[in-house]
Amino acid sequence: MTKKERYDFLIGYFLEHRPKAETELVYTDPYELAVATILSAQCTDKRVNLITPAFFRKFPDADSLSHAPQEDVFELIKSCSYPNNKAKNLIGMAKSLIKDFSGVLPSDVEELMTIPGVGRKTANVLASVIYKKPAMAVDTHVFRVSARIGLTTGAKTPYQAEIQLVKHIPEQLIPLAHHWLILHGRYVCIARKPKCPECGLTSVCKYYQLLRKE
DNA sequence: ATCCCGAGGG
DNA sequence: CCCTCTGGAT
């Protein structure tokens, strides 16, 4: 089984089974997606979606958020992880959006990464989801699933995995492929107890082949 | 005890 | 490279 065969199988499988994979974060504009994505670090999307309605009611745009007291932001997001860091970063993000980018979220990954709270993963998510750029965001799910199936080999960091994935997936499919791997990781290829019996990728999965040998 | 769409700083 | 931040769910 060559690497190309794995990728071809994966792409064929998901084009058939998840042709419309997309983010589960609830948002209505780039500002809201930026907020939701920053909040999603080490936190489930479900929990983020639970608190964002109240958040967006109180801070409907970057301007209102940029003037918010950190304590008010903290109170709204405290059930997500790292509320202190995130409150500071969210306000910083809003200020940067207004001051550095005239209120318009940039589409370039390197520019996005200059925004407080926006690292490589979040920058790739925003570039991919909002601007449909071929940016592969590698989060915990993408990293784990890619390694298990064998789409990546020996990747020690999310960035190394990103390089390998981008190299083998057609540009126009990258935004879709990102969500394929996320959703597969969330609902099937779960970290602690993967549901191999209901996974359609076992025939090409390195992890599954290893399990069967034991 | 381990994981959830990580980022920033040392 | 490491560490810290740090709440909720399983």
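Every chain is numbered from 1 and lettered A, B, ... according to where its sequence line falls, protein lines coming before strand lines. No hydrogens, no waters, no symmetry mates; every other heavy atom, side chains included, goes into these values.
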Next on the checklist: Given B:dC3, B:dC5, C:dG7, identify the nucleotide with an atom nearest to the side chain of A:A191.
Outcome noted: B:dC3
Checklist outcome for this item: Residue set satisfying side chain to side chain donor-acceptor pair (under 3.5 Å) with A:D8, at least two apart, ordered chain then number -> A:K4
Next on the checklist: Any donor-acceptor pair under 3.5 Å linking the side-chain atoms of A:S96 with those of A:D100?
Outcome noted: yes
Checklist entry - Expressed in angstrom and rounded to an integer, what is the separation of A:Q42 atom CD from C:dG8 atom C1'? => result 12 Å
Checklist entry - Given atom OH of A:Y187 and atom P of C:dT10, what is their separation to the nearest angstrom? => result 12 Å
Next on the checklist: Would you call the rings of A:H184 and A:F14 parallel, tilted or perpendicular, taking 30° and 60° as the class edges?
Outcome noted: perpendicular
Checklist entry - Tell me: CG of A:L50 to C1' of C:dG8, nearest whole Å? => result 11 Å
Next on the checklist: Using whole Å, what does the distance between atom P of nucleotide B:dA7 and atom CD1 of A:I38 come to?
Outcome noted: 9 Å
Item to check | Near-strand residues of residues 70-103 of chain A, defined as heavy-atom separation under 4.0 angstrom from DNA chain C | outcome: A:K78, A:S79, A:C80, A:S81, A:Y82, A:P83, A:N84, A:N85
Next on the checklist: Using a heavy-atom cut-off of 4.0 Å across all strands, would you classify A:R192 as base, sugar-phosphate, or nothing?
Outcome noted: base
Next on the checklist: Heavy atoms only, 4.0 Å cut-off, all strands: where does A:T122 land among base, sugar-phosphate and nothing?
Outcome noted: sugar-phosphate
Item to check | Whole-Å distance separating the CG atom of A:L33 from the P atom of B:dC5 | outcome: 15 Å
Checklist entry - Given atom CG of A:L39 and atom P of C:dG8, what is their separation to the nearest angstrom? => result 14 Å
Next on the checklist: Just to verify, what does A:S102 make a side chain to side chain donor-acceptor pair (under 3.5 Å) with, not counting sequence neighbours?
Outcome noted: none
Checklist entry - Checking all strands, does A:V118 fall into the base, sugar-phosphate, or nothing category for heavy-atom contacts under 4.0 angstrom? => result sugar-phosphate
Checklist entry - Remaining members of A:Y207's ILVMFWY cluster at a side-chain heavy-atom cut-off under 4.5 Å? => result A:L211
Checklist entry - Does a nitrogen or oxygen in the side chain of A:R120 sit under 4.0 Å from OP1 or OP2 of B:dG6? => result no
Checklist entry - Has the side chain of A:T44 got a donor or acceptor that lies under 3.5 Å from a partner of the other kind on the base of B:dC3? => result no
Checklist entry - Considering heavy-atom distances to DNA chain B, does A:P116 or A:R186 have its closest nucleotide positioned more toward the 5' end? => result A:R186
Checklist entry - C1' atom, B:dT2 versus C:dT6: distance in rounded Å? => result 15 Å
Checklist entry - Can you list the other members of the hydrophobic cluster that holds A:I163, where links are side-chain heavy atoms under 4.5 angstrom apart? => result A:Y159
Checklist entry - How long is the span from the OH atom in A:Y82 to the NZ atom in A:K88, to the nearest 0.5 Å? => result 14.5 Å
Item to check | Spacing of the P atoms in B:dC5 and C:dT4 (rounded, Å) | outcome: 24 Å
Checklist entry - Of all residues at least two apart in sequence or in a different chain, which pass the salt bridge (Lys or Arg N to Asp or Glu O under 4.0 Å) check with A:R148? => result none
Checklist entry - Please give, in whole Å, the distance from B:dC5 P to A:I182 CD1? => result 8 Å
Checklist entry - Taking atom P of B:dC4 as reference, at what distance in whole Å does atom CG of A:D45 sit? => result 12 Å
Checklist entry - For B:dC5, does OP1 or OP2 lie under 4.0 Å from any side-chain N or O of A:H178? => result no
